[in-house]
2 protein chains.
Amino acid sequence: MAKYKLLVVEDDPNLGQILNEYLSLKGYETTLCRDGEEGVAAFKRDQYNLCLFDVMLPKKDGFSMAKEIRKDDKETPIIFLTAKSMKADTIEGFKIGADDYITKPFSMEELLLRIQAILRRTADKNPQFSDQKVFDFGSFHFDFDKQLLEGPEGETKLTSKESELLRLLCLHINQPLDRSVALKIIWRDDSYFNARSMDVYIAKLRKLLKQDENIQIITLHGSGFKLITDAKSSE
Amino acid sequence: MAKYKLLVVEDDPNLGQILNEYLSLKGYETTLCRDGEEGVAAFKRDQYNLCLFDVMLPKKDGFSMAKEIRKDDKETPIIFLTAKSMKADTIEGFKIGADDYITKPFSMEELLLRIQAILRRTADKNPQFSDQKVFDFGSFHFDFDKQLLEGPEGETKLTSKESELLRLLCLHINQPLDRSVALKIIWRDDSYFNARSMDVYIAKLRKLLKQDENIQIITLHGSGFKLITDAKSSE
DNA sequence: TTCCTGGTTTAACAAAAATTAACATGTTTT
DNA sequence: AAAACATGTTAATTTTTGTTAAACCAGGAA
């Protein structure tokens, strides 16, 4: 699963450093810029999932950055950080199209939770969290929406759970798919019984995929599964 | 365009009154409940676009309400209001799946802006807000107001329930339509018998839609249905 | 009023899907 | 190698959905 990319613009080297480390630790890919111009340039150059802007910045303040970005991007969430108390500023920020507004000092944990709250809502709009619906692998053709798997031996109607699991495997093709990731996405809860249920579905899919001996679901003991496309040649 | 519906749960009669008036004035349709149990009951009965919960409430506090609601609804945004300062509580709230957290005293304008910031992101997930009345899909033409479905084999007069359900499916075309969403909107109440009734209507619609084999209502077991159109051209 | 009538809900049973159980097999740890 | 644990596999059980028909219910006609 791809990482979320965050653009952090903060001129205080201390805070910048801390933000960077903390967010990386929490599994985000962060880019840190020191002033507003750098920030805007970085945003235009790369694809980010969320912006974290200090309001007071050298060269170009956070609001100006947001205005510039919002000209051609109304989507990417922006969170402002500020030392100022509230009111006028806060309101100004929201009007520009901010998604949240955090006053210093704040706890890292709160920041993280606010970031997560926002990303949760935008997740499926991000291309790397693909919404691909049709997959071709080996001699199979899989249509997620129609819940239909076509293989050498004909069509098979899949159930919802079979489809969801196969889709996740396809999205990670030749890459590991983590058990708990799959469980959280499909079953919404990583628990013992759901895990066993998933194992049952893996068995079902394996049976279906036998039609093409080059395709296989291999077990990554203790961590998950991997759908591989070149089962034969690997020996 | 339909109005956004907000569920406000606040026991302080004064603040409740003010919130209600202010938000109505700003174009929202609000339901005000005085305690947690009322609130949960209201949420289960009707479809809301956003919840505004005081944390400290009689009978059932805001967090418990959120937990209960999140069991089967991960979508509807929840904002907590609280007098307490921060930290432990805030974090607890976000973990439950809150979208924002506002400490009293707050300005009405800030509250409004935070509500707007969240609704902006969820707006397009609420297709039921569309007032579209005429739909073309596959070889069908469906007029909701006239309750008329035209297909390859001619016109069919629909009943009002058939029309409402087909409209919801059309609004979510190629996307999942949640059972409980449909039930709350059409039947105003997600209960066992209404659910069975809905299943009967799904069967009726399926029979009608057989005229075009490229159109299908897929079952999303345990969650809902999906009206799909065959995008065969993509191959 | 009573009798139709069309729409909707409820009932009853069938079928499908998902979960749980039970036991087999494999993997890691000690 | 034994113990502890994770996964494979099949079958039993439970839950959800499909389908048809009968019951119900309101509104209009006789």
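Everything numeric in this text was worked out from a predicted model, so none of it was measured. Throughout, protein chains are lettered first and strands after them, A, B, ... in sequence-line order, and every chain is numbered starting at 1.
Put simply, B/Arg179 has no side-chain N or O that comes within less than 4.0 Å of OP1 or OP2 on D/dT16. Look at B/Arg196 and you won't find any side-chain N or O under 4.0 angstrom from OP1 or OP2 of D/dT16. A sub-4.0 Å separation between OP1 or OP2 of D/dG8 and a side-chain N or O of A/Thr219 is present.
Along DNA chain C, the nucleotide nearest to A/Leu158 and the one nearest to A/Met198 differ in position, and the one closer to the 5' end is contacted by A/Leu158. Both A/Thr159 and B/Trp187 sit near DNA chain C, but only B/Trp187 has its closest nucleotide nearer the 5' end.
If you check D/dT17, D/dT7, C/dA18 against the side chain of A/Asp199, the one that comes closest is D/dT7. Here D/dT7 is the nucleotide among C/dA18, D/dT7, D/dT19 with the atom lying nearest to any side-chain atom of A/His221. Of the candidate nucleotides D/dT17, C/dT8, C/dA18, C/dA18 has the atom lying nearest to any side-chain atom of A/Ser160. Nearest to the side-chain atoms of A/Phe193 among the listed nucleotides C/dT20, D/dG18, D/dT7 stands C/dT20.
Here the C1' atom of nucleotide C/dT19 and the CZ atom of A/Arg188 are 16 Å apart, to the nearest Å. Regarding A/Glu162, its CD atom lies at a distance of 11 Å from the C1' atom of C/dA16, rounded to whole Å. Separating the CG atom of A/Leu220 from the P atom of D/dG8 is a distance of 10 Å, rounded to the nearest angstrom. Rounded to a whole Å, the CD1 atom of A/Ile186 is 10 Å from the P atom of C/dT19. Whole-Å rounding puts the B/Asn194 CG to C/dA11 C1' distance at 15 Å. Straight-line distance from the CD atom of A/Gln147 to the C1' atom of C/dA17: 11 Å, rounded to whole Å. The distance from atom CG of A/Leu165 to atom P of C/dA18 is 11 Å, rounded to the nearest whole Å. Counting to the nearest Å, the P atom of D/dT7 and the CG atom of A/Asp178 are 11 Å from each other.
A cation-pi arrangement is present between B/Lys184 and B/Phe43 under the rule of less than 6.0 angstrom and at most 45 degrees off the ring axis. Taking the ring axis of B/Tyr201 as reference, the NZ or CZ atom of B/Lys161 does not stay both within 45° of it and closer than 6.0 Å to the ring centre. Judged by the 6.0 Å distance and 45° axis criteria, B/Lys5 is positioned over the aromatic ring of B/Tyr48.
Side-chain atoms of B/Asn174 and B/Thr229 form a donor-acceptor pair, as typed in the model, at a separation below 3.5 Å. A donor atom on one side chain and an acceptor atom on the other are not found under 3.5 Å apart for B/Ser197 and B/Asn194. Of the N and O atoms on the side chains of B/Thr219 and B/Arg206, at least one donor lies less than 3.5 Å from an acceptor on the other residue.
Between A/Tyr4 and A/Tyr28, the ring planes lie tilted relative to each other; the angle falls in the 30° to 60° range.
By the 4.0 Å N-to-carboxylate-O rule, B/Asp100 lies close enough to B/Arg114 to be salt-bridged with it.
Here B/Tyr192 lies out of heavy-atom contact (under 4.0 Å) with every strand.
A heavy atom closer than 4.0 Å to some atom of DNA chain D occurs in A/Val200, A/Arg206, A/Lys207, these being the qualifying members of residues 200-211 of chain A.
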